[in-house]
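Just the heavy atoms: all of them, side chains too, but no hydrogens, waters or symmetry mates, feed the values below. Proteins get letters first, then strands, A, B, ... in listed order; numbering begins at 1 in each.
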Number of protein chains: 2
Amino acid sequence: MPNLRVAEKPYHHGNLRKALIEAGLAVLEEVGHAGLTLRAVASRAGVSHAAPAHHFASAKGLLTVMATSAFARFEAALADGRAKTDPDPVSQIRVMGRVYLEFARAHPEQFRLMFTAAKLDWRDAELLAIARMTYRHLEEIARPAADAMGANSATARTNVEYLIWSVAHGFAHLAIEHQIPKPGAPVPTDVPDIGGLLFATAHRGQAGRVKRTKAATVTAGKRNLKPRKSKAERR
Amino acid sequence: MPNLRVAEKPYHHGNLRKALIEAGLAVLEEVGHAGLTLRAVASRAGVSHAAPAHHFASAKGLLTVMATSAFARFEAALADGRAKTDPDPVSQIRVMGRVYLEFARAHPEQFRLMFTAAKLDWRDAELLAIARMTYRHLEEIARPAADAMGANSATARTNVEYLIWSVAHGFAHLAIEHQIPKPGAPVPTDVPDIGGLLFATAHRGQAGRVKRTKAATVTAGKRNLKPRKSKAERR
DNA sequence: CCACAAATCTTGTCACTGTCAAGATATACC
DNA sequence: GGTATATCTTGACAGTGACAAGATTTGTGG
């Protein structure tokens with residue numbers, strides 16, 4: 001007799017994969033990284049402890065999809081914030097800092113997951129795609145500053161991107177790891193205004209002396225993949 | 001018969017606490033965070049799996065001391081680098097960036113441990129002391145830049161400290177988590193030159209418009225402590 | 001319409017983890 | 001020199017991710 005009523009725990013969940021991702025994010029938000037176990041996620045989704053193995057090759061597989069989901073929300077917040085902000089270059093840099101800090105403070109566990117390479121499979125196409133999409137915002141935001149400073153080459157522009165990114169990321173990371181504020185200081189509400197600083201320098205007609213880098217090649221990663229047996233074949 | 005020969009595994013280790021710290025750092029360097037278990041550390045130190053409990057209340061206790069040790073080496077590297085560098089403000093800011101990035105790349109696991117609040121007991125006096133000592137370098141390094149920009153108040157000076165710290169920390173963190181370099185770009189050798197940028201702006205006679213913050217109060221922590229029973233009483 | 005293959009989920013098990021309890025051994029102090 | 005105390009070991013426990021094998025449902029070809 002096939003199950004027609006959904007409320008009576010059918011043997012097959014329906015869309016367990018999606019449910020596990022949502023359960024994982026919920027567990028992460030509620031009990032934090034330490035309590036995020038495959039068994040807790042399975043339990044929350046109402047399935048047995050081994051069920052996740054049929055949808056994710058390993059814990060890393062689930063974490064990778066969760067991080068992809070987190071990146072998607074971050075990118076959406078960034079796009080939304082930019083759209084609602086004056087297109088002025090300095091304002092755009094500021095809003096990126098604000099969105100970065102707000103996201104990190106609102107979802108510190110997701111933020112840590114997004115930037116913990118060892119827990120994720122960075123060969124994953126979807127994760128790479130959303131990360132690339134997010135970086136494109138940075139490229140757009142940094143471009144006017146780079147131009148104003150006379151940063152013509154791709155390398156010089158990349159350096160401006162790294163600078164703006166480092167300020168926002170470093171400040172947000174130090175904030176959620178309780179390094180900022182320093183003892184006795186008030187809790188800051190905004191990321192340092194690197195945009196104002198860049199354009200203050202640029203208006204002086206100063207050439208692009210933001211940074212100096214030196215060659216070397218890019219590296220690649222290597223991680224596990226594929227679920228169990230000949231069964232489901234995603235991550 | 002008391003043991004006089006050291007080589008024959010005496011029942012009492014002699015200085016197990018120190019040995020466990022060194023073993024812990026060695027395991028961390030060799031097999032990484034995932035392989036850093038109390039049992040692996042105990043095994044490496046040549047003692048049973050429960051021996052560490054007599055010197056550290058929990059795994060967090062050992063990690064806290066390991067992080068303290070890591071901070072001490074970082075502070076030493078920073079002090080050494082500064083001493084060997086031109087006292088010029090811009091040079092001092094640059095050397096801090098270089099030391100920061102070099103330490104993070106040479107000891108990424110220790111770097112992550114130092115900045116993972118949830119794994120450490122930040123009420124620990126020794127950890128707080130060495131962190132404070134390290135921060136003092138930042139205060140000294142940032143002071144000339146703050147002065148040059150007309151940052152008179154304590155808050156304004158702190159903002160300059162945060163800016164310089166954020167650039168170094170953010171860049172180093174993004175680098176060890178494989179976010180920098182972006183795909184296809186060369187591996188950078190230096191942190192963005194925020195010092196040059198700060199003084200380029202300052203020379204223009206620009207007032208301190210580095211950042212804007214807004215009040216709020218500081219928060220505190222709460223963690224476990226004390227080893228087992230009435231035995232050893234450290235961490 | 002129905003057998004059979006594939007997909008989905010469960011139960012059971014394994015080695016490993018941190019922590020605790022209790023006992024064994026060496027040291028120190030009176 | 002004997003006894004309290006510090007130090008370390010053995011043993012056990014619940015909880016973990018992963019694997020194996022079986023149960024249930026779905027889907028598809030004949």
Side-chain angles (χ1 to χ4, degrees), chain A residues 1-6 8-20 23-24 27 31 33-64 118-119 223-235, chain B residues 1-6 8-20 23-24 27 31 33-64 118-119 223-235:
Chain A
M1 182 189 299
N3 263 304
L4 297 180
R5 265 97 46 91
V6 180
E8 294 198 8
K9 278 192 169 189
Y11 195 90
H12 284 60
H13 182 281
N15 196 348
L16 181 54
R17 184 187 152 87
K18 184 180 175 187
L20 287 171
V27 171
V31 297
H33 150 267
L36 180 66
T37 68
L38 279 179
R39 293 167 116 97
V41 173
S43 171
R44 186 176 188 104
V47 293
S48 75
H49 64 90
H54 295 273
H55 295 273
F56 304 99
S58 65
K60 180 181 283 190
L62 174 58
L63 293 176
T64 298
K119 287 186 173 182
R223 312 227 185 281
N224 68 338
L225 212 61
K226 179 180 59 175
R228 49 181 309 198
K229 292 259 178 171
S230 59
K231 305 177 179 181
E233 67 220 35
R234 305 198 53 107
R235 301 198 175 91
Chain B
M1 180 192 301
N3 264 303
L4 296 179
R5 265 96 47 88
V6 181
E8 294 200 6
K9 279 191 170 189
Y11 195 90
H12 285 59
H13 182 282
N15 196 348
L16 181 55
R17 185 187 150 87
K18 183 180 176 186
L20 287 171
V27 170
V31 298
H33 149 267
L36 180 65
T37 67
L38 278 179
R39 292 167 115 98
V41 173
S43 171
R44 185 174 189 107
V47 293
S48 75
H49 66 90
H54 294 272
H55 296 273
F56 305 98
S58 66
K60 179 180 283 189
L62 174 58
L63 292 177
T64 298
K119 288 187 173 180
R223 313 231 183 276
N224 67 338
L225 211 59
K226 177 181 58 173
R228 52 181 306 198
K229 293 262 177 175
S230 58
K231 305 177 179 181
E233 68 220 36
R234 304 198 52 106
R235 300 199 176 90

#### Entry: Closest listed nucleotide, where the reference is the side chain of H49(A) and the choices are dG11(D), dT16(D), dC19(D)
dC19(D)
### Message
Without decimals, in angstroms, what is the distance between K60(B) NZ and dT19(C) C1'?
### Response
15 Å
#### Entry: Check: T37(A) and V27(A) side chains under 4.5 Å, non-hydrogen atoms
no
### Message
What I want to check is whether an N or O donor and acceptor connect the side chain of R39(A) with the base of dG15(D) at under 3.5 Å.
### Response
no
### Candidates dA21(C), dC8(D), dT17(C) - which lies nearest the side chain of A51(B)
dC8(D)
### Query
Side-chain donor-acceptor pair under 3.5 Å between K18(B) and H55(B), yes or no?
no
### Task
Could you work out which one of dC9(C), dC8(D), dA12(D) sits closest to the side chain of H54(B)?
dC8(D)
### Message
Any side-chain to backbone donor/acceptor pair from T64(A) onto K60(A)? Under 3.5 Å, distance only.
### Response
yes
### Task
Using a heavy-atom cut-off of under 4.0 Å over every strand shown, decide if A59(B) touches base, sugar-phosphate, or nothing.
sugar-phosphate
### Task
Would you mind reading off the distance between H33(B) atom NE2 and dT17(C) atom P, rounded to a whole angstrom?
13 Å
### Message
From CG of L36(A) over to C1' of dG15(D), roughly how many Å is that when rounded to an integer?
### Response
15 Å
### Task
Please state how far atom NE2 in H55(B) lies from atom C1' in dC8(D), giving the value in whole angstrom units.
8 Å
### Query
With side chains defined as the heavy atoms from C-beta onward, is the minimum distance between L62(B) and L38(B) less than 4.5 Å?
yes
### Message
In this structure, how many angstroms lie between the P atom of dT19(C) and the CG atom of L62(B), rounded?
### Response
10 Å
### Query
What is the distance from CG of L38(A) to P of dC9(C), rounded to the nearest Å?
15 Å
### Query
If you check every side-chain atom of S48(B), which of dA18(D), dT8(C), dC8(D) has the closest atom?
dC8(D)
### Intermediate values then yes/no, side chain to side chain donor-acceptor pair (under 3.5 Å), K119(B) and H33(B)
CA-CA 11 Å; K119(B) 288 187 173 180; H33(B) 149 267; 2.7 Å; yes
### Task
Using atom CZ of F56(A) as one end and atom P of dC9(C) as the other, report the distance to the nearest whole Å.
11 Å
### Nucleotide dC8(D), atom P - distance to CZ of R17(B) in whole Å
12 Å
